[in-house]
There are 2 protein chains.
Amino acid sequence: MIRAAPHVSILPAGRYTRVIDLHAPITDMTTQKRRRPGETREILMEAALTLVGRGRHFASLGIREVTRQAEVVPTSFYRHFRNMDDLGLTLVDELGVVLRGMMREARANVLHADKLMDESVAIFVNHVQSNRNFFTFMAQGLAGESQAIQQGIRNEMQFFASELANDLRNLRLLPHLSDEDLDMACELVVRTVAFSLTDILSISAGDEEELGRIRRQTTRFLRMIFIGADHWQSG
Amino acid sequence: MIRAAPHVSILPAGRYTRVIDLHAPITDMTTQKRRRPGETREILMEAALTLVGRGRHFASLGIREVTRQAEVVPTSFYRHFRNMDDLGLTLVDELGVVLRGMMREARANVLHADKLMDESVAIFVNHVQSNRNFFTFMAQGLAGESQAIQQGIRNEMQFFASELANDLRNLRLLPHLSDEDLDMACELVVRTVAFSLTDILSISAGDEEELGRIRRQTTRFLRMIFIGADHWQSG
DNA sequence: GGGCTTTGTGTACAGTCGTTCACAAGTTGT
DNA sequence: ACAACTTGTGAACGACTGTACACAAAGCCC
């Protein structure tokens, strides 16, 4: 187990204020305590994601560690979550929001069937880069410790696949495929992209060259799958 | 973080003997201490795998926890491994052995091209079932905490893919594919199978019905990829 | 037999963990 | 305005953590 070095607090033990709001009305700073409702909750989730993005595995995070990163007292955690699993499930929910946003963007931008794959892969890669921590959490969760989180992420992926199948149906691509076969093909697509996710996450954040390689490889994977689907005959 | 219930030791603190060897020469049991060289090392690795198989994530395992499962005193750990990462890397090495065994069996049994996929998938599923803990460790490691373990597993997969490409070349399947394209297709195959691995691990051990569904789905995935590869034209 | 090396053991220490509790401060409802 | 509720705080607990050290027992080499 990799443990962080013993924590040496520079700040005095006590109340922390996360940001200094310059626009706040002038009040007695020493008595200011309350945040926007739900803000601490978000801060805790953000803190967990930050630690995950820093290389830690979600399964190895502890309550104290998260609250420390969030600059909140450990007891505060229980005001918002029952345990780390609970926090993880909430993260899965937000992951769903991120994925839906990605889907929306893909639907809006991918207009020409001939560039469908290049553009979709590009959108995916961009979303992964701008939500790196979220996607790291997703990749970890697929083989994670909590059955519930695992199932949640799996559900998100299946939903994504079925939406993709709907879109392809509407676009009249692969028209000779039965609904079932189209679902299958889309499931394969989503899995392939999800695996590329781990490729992206394994390279350092700014390595454009390697990123291009992954982008090309993923596109070729998808192309091969689509060719297979195009020549597929059910039975 | 999910913690086990506080450990209550039933045995008195002290030396433990893993198995009572009835065929051992009669000796003073109180002075028997030495094991077969390297045995404790194996016991520790086995203990880690057992915990992983029991649902824990490798990243969340601690030295004390592993030694407790191994029925060995915590300090013994350091006689064999520098830390948990070190143990993990050794597990990756053994994982390679398991994978090579699987490859050997596939090569020996898959003689007819027409049944290639069904038989290969069956062999894979069998190996996963008889080495469940190892494969769970593999699935976890793909998005794990340790970069080194992650890279190790990735390397094993790439080696597997390149061996598969060699076999397909020798079998004169997909003869029109360039070496590069064949490698690509095999990489996609290995990834697809690896993802099915997480499916298998997510169902309960004896669920034959669900297992059959996964087997069928994986076979269909592979068939689609091969059809795609068959109609692939490089460029 | 005597020394050297390897392996397992017991003790110990300082630090971290999850969780409980009583209390303070702010928010909301009336 | 006052009560009820929600949220943040600090101290405290017992258990567990990784790791260091000195020592004992067994195998190995000469």
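In the text below, chain A, chain B and the rest are named by the order of the sequence lines, each starting its count at 1.
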Listed partners of Thr198(B) passing side chain to side chain contact (heavy atoms under 4.5 Å, CB included), at least two apart:
Arg154(A), Ala139(B), Phe195(B)
Side chain of Arg64(B): nearest nucleotide among dG18(D), dT9(C), dA11(D)?
dG18(D)
Reported CG-to-CG distance for the pair Leu49(B) and Leu91(B), which is rounded to 0.5 angstrom:
5.0 Å
Atom CD of Glu65(B) to atom C1' of dC17(C): distance rounded to whole Å?
13 Å
Rounded to whole Å, how long is the line connecting atom CZ of Phe81(B) with atom C1' of dG8(C)?
15 Å
So what does Phe77(B) touch, heavy atoms closer than 4.0 Å: a base, only the sugar-phosphate, or nothing?
nothing
Please determine whether a side-chain nitrogen or oxygen atom of Ser76(B) lies at a distance below 4.0 Å from atom OP1 or OP2 of dT9(C).
yes
Can you tell me the distance, in whole Å, between the CD1 atom of Ile63(B) and the P atom of dT16(C)?
17 Å
Base dG8(D) paired with Thr40(A) side chain (donor-acceptor, <3.5 Å):
no
Selection residues 136-162 of chain B - residue pairs positive for ring pair (Phe, Tyr, Trp, His ring centres under 6.0 Å), sequence neighbours left out:
Phe58(B)-Phe137(B)
Considering only residues two or more places apart or on different chains, which pairs with a residue in residues 124-142 of chain A satisfy salt bridge (Lys or Arg N to Asp or Glu O under 4.0 Å)?
none
I'd like to check the side chain to side chain contact (heavy atoms under 4.5 Å, CB included) partners of Gln217(A); sequence neighbours left out, ordered by chain and number.
Asp199(A), Phe221(A), Glu187(B), Arg191(B)
Let me see the working for Gln150(B) and Ser202(A) under side-chain hydrogen bond (donor to acceptor under 3.5 Å, both in side chains), right down to the final yes or no.
CA-CA 8 Å; Gln150(B) 206 172 128; Ser202(A) 75; 5.1 Å; no
Taking only side-chain nitrogens and oxygens of Arg68(B), does any of them come within less than 4.0 Å of OP1 or OP2 of dG18(D)?
no
Between C1' on dT6(D) and CD on Glu39(A), what's the gap in Å once rounded to a whole number?
15 Å
Below 4.0 Å: OP1/OP2 of dT6(D) and any side-chain N or O of His80(A)
no
Between OH of Tyr78(A) and C1' of dG18(C) the distance, given in whole Å, is 5 Å
Output yes when at least one side-chain N/O atom of Arg79(B) is less than 4.0 Å from OP1 or OP2 of dT19(D), else no.
no
Please report, rounded to the nearest Å, how far the C1' atom of dT17(D) is from the CG atom of Asn83(B).
15 Å
Taking only residues two or more places apart in sequence or in another chain, which ones pass side-chain hydrogen bond (donor to acceptor under 3.5 Å, both in side chains) with Arg213(B)?
Glu210(B)
DNA chain D in dot-bracket form (Watson-Crick or G-U pairs under 3.5 Å, [ ] crossing, | inter-strand) is ||||||||||||||||||||||||||||||
